[in-house]
Amino acid sequence: MAAMTEYQTITGSEAVLRDGTIKLHGPAGFEGMRKAGRLAADILDALYDLVKPGVTTGELDDVVRQMTLDGGGVPATLGYRGYTHSCCISLNNVVCHGIPGDKVIREGDILNIDVTPLVDGWHGDSSRMYIAGEIPLRARRLIEVTYECLMIGIDHAKPGARLGDIGAAIQAHAEGHRYGVVREFCGHGLGRIFHDAPEVVHAGRAGTGPELKPGMFFTIEPMINLGKPGVKMLSDGWTAVTRDRSLSAQFEHSIGITETGCEIFTKSAKGLDGPFG
Ligand code: MF3
Ligand code: CO
Ligand code: CO
């Protein structure tokens with residue numbers, strides 16, 4: 001028998017447990033997520049001018065930390081399960097969770113920057129792709145299609161739909177372009193908790209999984225590989241790379257299900273959250 005999905009109504013900003021239930025939030029939650037999501041988007045907006053050849057990923061991490069603090073938040077990744085940086089920066093064949101450091105960005109690189117400011121107890125989790133100078137056309141196409149995958153997934157996020165509808169739509173689009181959809185990492189519920197139920201897989205079957213209900217908050221964050229979907233973990237315990245060394249791209253938004261569809265909490269106020277800013 002399929003596992004029963006349990007939902008839990010959250011009325012305000014009360015403490016919640018990571019107990020496997022899917023939280024259904026009210027207006028206070030939407031307000032909290034708007035503020036956190038707005039700061040995430042503002043930080044990602046500011047990074048376009050800073051990503052260029054010669055800059056290190058550690059320097060970008062410093063900017064993310066300072067902007068998060070200046071915006072009244074704290075980077076949720078700082079001290080999270082032993083992680084000690086303010087964002088993740090994943091270059092070229094790195095799928096996700098790249099650790100900022102001395103690595104110098106070079107002409108032709110593509111990179112994902114993933115930020116999660118924690119503001120007044122709410123998590124705004126979002127990532128976008130950045131490019132350094134001129135990049136090959138195949139990298140450009142991968143980034144465009146990955147962005148389309150995110151937005152197609154969001155199109156399916158509405159009450160009455162099933163979680164599996166989102167993954168199925170993303171998988172169909174990516175595989176239609178002969179790209180690989182990463183299975184080892186997925187989107188997640190969030191709110192007062194950084195990584196909560198449900199798991200939002202980016203592949204699967206339509207009509208399966210929990211029903212989407214107003215007040216559900218979760219991320220959609222497809223990782224799409226130019227080659228095969230397989231990933232490999234590096235010995236640092238965080239960095240995931242493509243097994244076949246192909247390029248990988250990712251975009252992430254945090255959303256909330258409304259009565260009619262969904263609200264994107266991490267939208268850019270400047271309209272910069274498209275594939276290339
Ligand atoms: N922001 C990532 C996500 O989208 C999680 C990063 S956790 C870290 O879920 F510890 F690796 F930073
Ligand atoms: Co996330
Ligand atoms: Co993220």
Side-chain angles (χ1 to χ4, degrees), residues 18 22-23 33 36-45 47 57-58 60-65 67-68 73-91 94-101 103 111-119 122-130 146-147 149-150 153-154 157 163 166-167 170 181-202 216-224 231-241 248-256 262 264-268 273:
R18 198 163 179 276
I22 293 176
K23 280 76 178 176
M33 288 300 288
R38 172 66 183 267
L39 180 56
D42 287 349
I43 294 166
L44 293 177
D45 284 354
L47 291 170
T57 55
L60 296 172
D61 188 63
D62 289 340
V63 171
V64 170
R65 182 172 54 258
M67 280 198 75
T68 307
V74 174
T77 54
L78 255 186
Y80 178 78
R81 299 182 182 203
Y83 193 82
T84 55
H85 292 79
S86 300
C87 65
C88 298
I89 304 186
S90 303
L91 267 93
V94 178
V95 171
C96 64
H97 302 164
I99 303 173
K103 179 122 196 137
L111 50 149
N112 173 278
I113 306 182
D114 189 338
V115 303
T116 312
L118 172 62
V119 181
W122 298 93
H123 293 83
D125 190 4
S126 186
S127 80
R128 301 184 203 157
M129 295 302 293
Y130 297 81
T146 302
Y147 179 72
C149 284
L150 169 61
I154 289 176
L163 204 54
I166 294 173
I170 290 171
V181 180
V182 170
R183 309 296 206 279
E184 284 85 347
F185 301 92
C186 45
H188 48 91
L190 84 173
R192 312 248 326 145
I193 295 171
F194 189 177
H195 290 114
D196 204 355
E199 279 191 1
V200 181
V201 290
H202 302 109
M216 268 177 80
F217 296 169
F218 56 89
T219 72
I220 304 179
E221 47 182 299
M223 283 140 275
I224 308 295
V231 310
K232 198 174 78 178
M233 293 301 299
L234 296 191
S235 57
D236 61 24
W238 286 103
T239 312
V241 299
S248 187
Q250 178 180 29
F251 285 89
E252 174 177 28
H253 270 314
S254 296
I255 67 172
C262 73
I264 303 175
F265 296 126
T266 44
K267 256 201 120 28
S268 166
D273 45 6

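In each ligand, atom 1 is the first atom listed, and ligand 1 is the first ligand listed. As the structure is a prediction and not an experimental result, all values here were calculated from the model.
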Quick one: which ligand 1 atoms are inside 4.0 Å of a heavy atom on [X]?
X	result
Glu221	3 (C), 4 (O), 9 (O)
Phe194	1 (N), 5 (C)
Thr116	1 (N)
Glu252	4 (O)
His188	3 (C), 4 (O), 9 (O)
Cys88	6 (C), 8 (C), 11 (F), 12 (F)

Can you tell me the protein heavy atom closest to [atom] and the distance?
atom	result
atom 9 (O) of ligand 1	His195 NE2, 2.7 Å
atom 2 (C) of ligand 1	Asp114 OD2, 3.4 Å
atom 3 (C) of ligand 1	Asp125 OD2, 3.4 Å

Can you tell me if Phe185 contacts ligand 1 (heavy atom of the residue under 4.0 Å from the ligand)?
no

Heavy atoms only, cut-off 4.0 Å: how does His85 contact ligand 1, side chain, backbone, both, or neither?
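Neither; no heavy atom under 4.0 Å.
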
Region of Arg81 that comes within reach of ligand 1 [heavy atoms, distance under 4.0 Å]:
neither

Centroid separation under 6.0 Å, is that true for the rings of Phe251 and His253?
no

Shortest non-hydrogen contact from [X] to [Y]?
X	Y	value
Pro100	Tyr83	CD-OH, 3.4 Å
Asn112	Ser127	ND2-OG, 2.9 Å
Ile255	Cys262	CD1-SG, 4.1 Å

Can you tell whether the side chains of Arg38 and Asp45 come within less than 4.0 Å, N to carboxylate O?
no

Please calculate the OD1(Asp125)-the Co ion (ligand 3)-OE1(Glu252) angle and round it to 10 degrees.
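My answer is 90°, to the nearest 10°.
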
Taking distance alone, with no angle check, do [X] and ligand 1 share an N/O pair under 3.5 Å?
X	answer
Thr77	no
Tyr80	no
Trp238	no

Sub-4.5 Å side-chain heavy-atom contact between Ser254 and Leu190
yes

Working to the nearest 0.5 angstrom, can you tell me the gap between [X] [atom1] and [Y] [atom2]?
X	Y	atom1	atom2	value
Ile220	Ile166	CD1	CD1	4.0 Å
Ile99	Ile89	CD1	CD1	11.5 Å
Phe265	Trp122	CZ	CH2	9.0 Å

Distance only, no hydrogens: is a donor on one side chain within 3.5 Å (strictly under) of an acceptor on the other, for His202 and Glu221?
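Absent: no donor and acceptor within the cut-off.
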
Report the atom name of the nearest N/O/S atom of Glu221 relative to the Co ion (ligand 2).
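Nearest N/O/S atom: OE2.
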
Please state whether the rings of Phe194 and His123 are parallel, tilted or perpendicular, taking 30° and 60° as the class boundaries.
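Judged by the thresholds at 30° and 60°, the geometry between Phe194 and His123 is parallel.
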
Examine all N, O or S atoms of His188, backbone included, and report whether one is under 2.8 Å from the Co ion (ligand 2).
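Within the cut-off used here (under 2.8 Å), His188 does place an N, O or S atom near the Co ion (ligand 2).
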
